[in-house]
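The basis for the numbers below is simple: all heavy atoms, side chains too, and nothing from hydrogens, waters or symmetry mates. Order of listing sets the numbers, starting from 1, for every ligand and every atom in it.
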Amino acid sequence: MKNTLLLMAAAALLSCQNSEAEHIPSQAQPEPPAWSIAIHGGAGHFDTEVLSEEAQSAYRKALAAALQAGAAILEKNGDAVSAVVATIEVLEDDSLFNAGRGAVYTAEGTHELDASIMRGSDRNCGAVTGLTGFRHPISVARKVMEDSEHVFFSGPGAAEFATNQGAQTAAPGWFDTKKAHGRYLRALEKDTTREKFGTVGCVALDRNGHLAAGTSTGGMTYKRHGRIGDSPVIGAGTWADDRTCAISATGWGEYFIRTAVAHDIHGRMLHGGASLQAAADATIHDEMGALGGDGGIVGMDRWGQAVFSMNTPGMFRGAYTQGGRPRVGLFATDDMQP
Ligand code: ASP
């Protein structure tokens, strides 16, 4: 009798393990690197004709510097969330990108910033939308995740929360950059939101095997007051789950929300056993792209493999894995050499 009970318990345990295993993508995977980090700095319709040699090298330098900031944290055993925040803060301070300082203008000539972050260990997350006057929206999103019982704050409530948390404010004029203002004037002339790219995002795997993802943006040039894109929407612009992947998206936000891009990729891996690359390509091309949207994602699987997928001619991007060197790319055809 005792033996029968023991056998039954062992069988129950095995079936439990099997049903767990069903949720894990089955491809043979390489040994994980100790840490890995990857970024995007926006996707769009740019090519060698639009981007001068000088501009290309400025973007390459900026992307490599951001990767170095995150890598330094991961190398010292820092966690994936800290690496994502540090990396995005560098990009938020660089007016080349549509996030933080370089945020684009709304139709009213103001700035409404969005950011979100998610950690893969427990799927906790934080997001802010329509934030004005703060230097690093990504760190406010982190505070929402870690120091509040909520996950999403908007407008005046987001600003009040940021103030109460002692978040760093931005000096008057901080967001008045030449590049974003030029875009605004062009949009004003045509009364259109067409120029809409340049968001930043980061995904990372730390030495403890935890994933995190974050995204920060000014949104779309000439967006209407109160418009919210995909970047602060968990499941659309950002997702992280240690069982599958971390994702940060960039592109035409309305389409990314309509197809829940970041979560769709995760779902294909979790329930369908797809690889990250196959899942991302299917979501970007067959779902989001098929509706008429454009843009791309940076993703990282739980083995530290960085993946990019886009349906635009360009996406500023980079990846850096322990023991390697930062690799950056600008055009869809770039092979991401160091
Ligand atoms: N996805 C962002 C938005 O729609 C824009 C971008 O990625 O450039 O707000």
Side-chain angles (χ1 to χ4, degrees), residues 39-46 50 59 63 88 91-92 94-107 110-117 127-132 137-138 141 152 154-155 158 175 177 179-180 183-184 187 192-203 213-239 247-265 280 283-284 287-289 291-299 308-317 330:
I39 54 176
H40 70 72
H45 292 267
F46 51 81
V50 178
Y59 275 106
L63 292 165
I88 291 183
L91 297 166
E92 284 178 336
D94 191 328
S95 62
L96 279 178
F97 302 98
N98 170 20
R101 180 156 210 205
V104 297
Y105 289 69
T106 66
T110 60
H111 302 278
E112 294 179 6
L113 282 64
D114 299 333
S116 64
I117 192 159
V128 287
T129 183
L131 188 69
T132 33
I138 192 67
F152 205 174
S154 73
F175 300 107
T177 62
K179 187 163 178 251
R183 284 174 156 194
Y184 173 63
T192 166
T193 53
R194 286 308 294 171
E195 286 193 51
K196 57 183 166 298
F197 300 108
T199 294
V200 306
C202 179
V203 291
T215 311
S216 180
T217 189
M220 289 162 61
T221 294
Y222 210 64
K223 65 183 181 183
R224 295 295 179 265
H225 175 54
R227 176 266 184 188
I228 302 171
D230 62 311
S231 309
V233 177
I234 296 294
T238 300
W239 186 262
I247 303 287
S248 171
T250 173
W252 196 337
E254 281 70 9
Y255 288 89
F256 281 69
I257 293 175
R258 287 167 63 186
T259 50
V261 163
H263 188 270
D264 191 61
I265 295 169
T283 301
I284 291 297
E287 290 292 316
M288 188 277 301
L291 289 186
D294 51 12
I297 62 100
V298 56
F308 302 94
S309 184
M310 71 207 86
N311 69 349
T312 46
M315 182 164 81
F316 302 117
R317 61 199 188 282
L330 310 184

**Message:** Donor-acceptor pair, distance only, cut-off 3.5 Å: does the side chain of E112 make one with the backbone of G218?
**Reply:**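 Between the backbone of G218 and the side chain of E112 there is no qualifying donor-acceptor contact (under 3.5 Å).
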
**Heavy-atom donor-acceptor pair, T259 side chain to Y255 backbone, under 3.5 Å** =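 The answer is yes, because a donor-acceptor pair under 3.5 Å joins these two groups.
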
**Message:** Counting only heavy atoms closer than 4.0 Å, does ligand 1 sit against the backbone of A249, its side chain, both, or neither?
**Reply:**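 Neither; nothing of A249 gets under 4.0 Å from ligand 1.
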
**Prompt:** How does R227 reach ligand 1, by side chain, by backbone, by both or by neither, if only non-hydrogen atoms under 4.0 Å count?
**Reply:**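 Only the side chain of R227 comes within reach of ligand 1.
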
**Request:** State plainly whether the residues E254 and K223 are in salt-bridge range, i.e. N to O under 4.0 Å.
**Result:**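 Salt bridge flag = no for K223 with E254.
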
Decide whether an N or O pair under 3.5 Å exists between [X] and ligand 1.
{"X": "W252", "result": "no"}
{"X": "G253", "result": "yes"}
{"X": "T217", "result": "no"}
{"X": "D230", "result": "yes"}

**Asked** Do the ring planes of F175 and H111 sit parallel (below 30°), tilted (30 to 60°) or perpendicular (above 60°)?
**Response**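 Because their plane-to-plane angle lies in the 30° to 60° range, the rings of F175 and H111 count as tilted.
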
**Request:** Determine the interplanar angle of the Y184 and Y222 rings, folded into 0 to 90°, and report it as parallel if under 30°, tilted if 30 to 60°, perpendicular if over 60°.
**Result:**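 Y184 and Y222: tilted rings.
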
**Prompt:** Can you find a pair of side-chain heavy atoms, one from H40 and one from S248, that are under 4.5 Å apart?
**Reply:**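 The answer is yes; the side chains approach within 4.5 Å.
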
**Asked** Heavy-atom distance under 4.5 Å between the side chains of R258 and L291, does that happen here?
**Response**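 Side-chain contact under 4.5 Å: yes.
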
As an exercise, identify every atom of ligand 1 less than 4.0 angstrom from a heavy atom of [X].
{"X": "T250", "value": "6 (C), 7 (O), 8 (O)"}
{"X": "S231", "value": "1 (N), 2 (C)"}
{"X": "G198", "value": "8 (O)"}
{"X": "G219", "value": "5 (C), 9 (O)"}

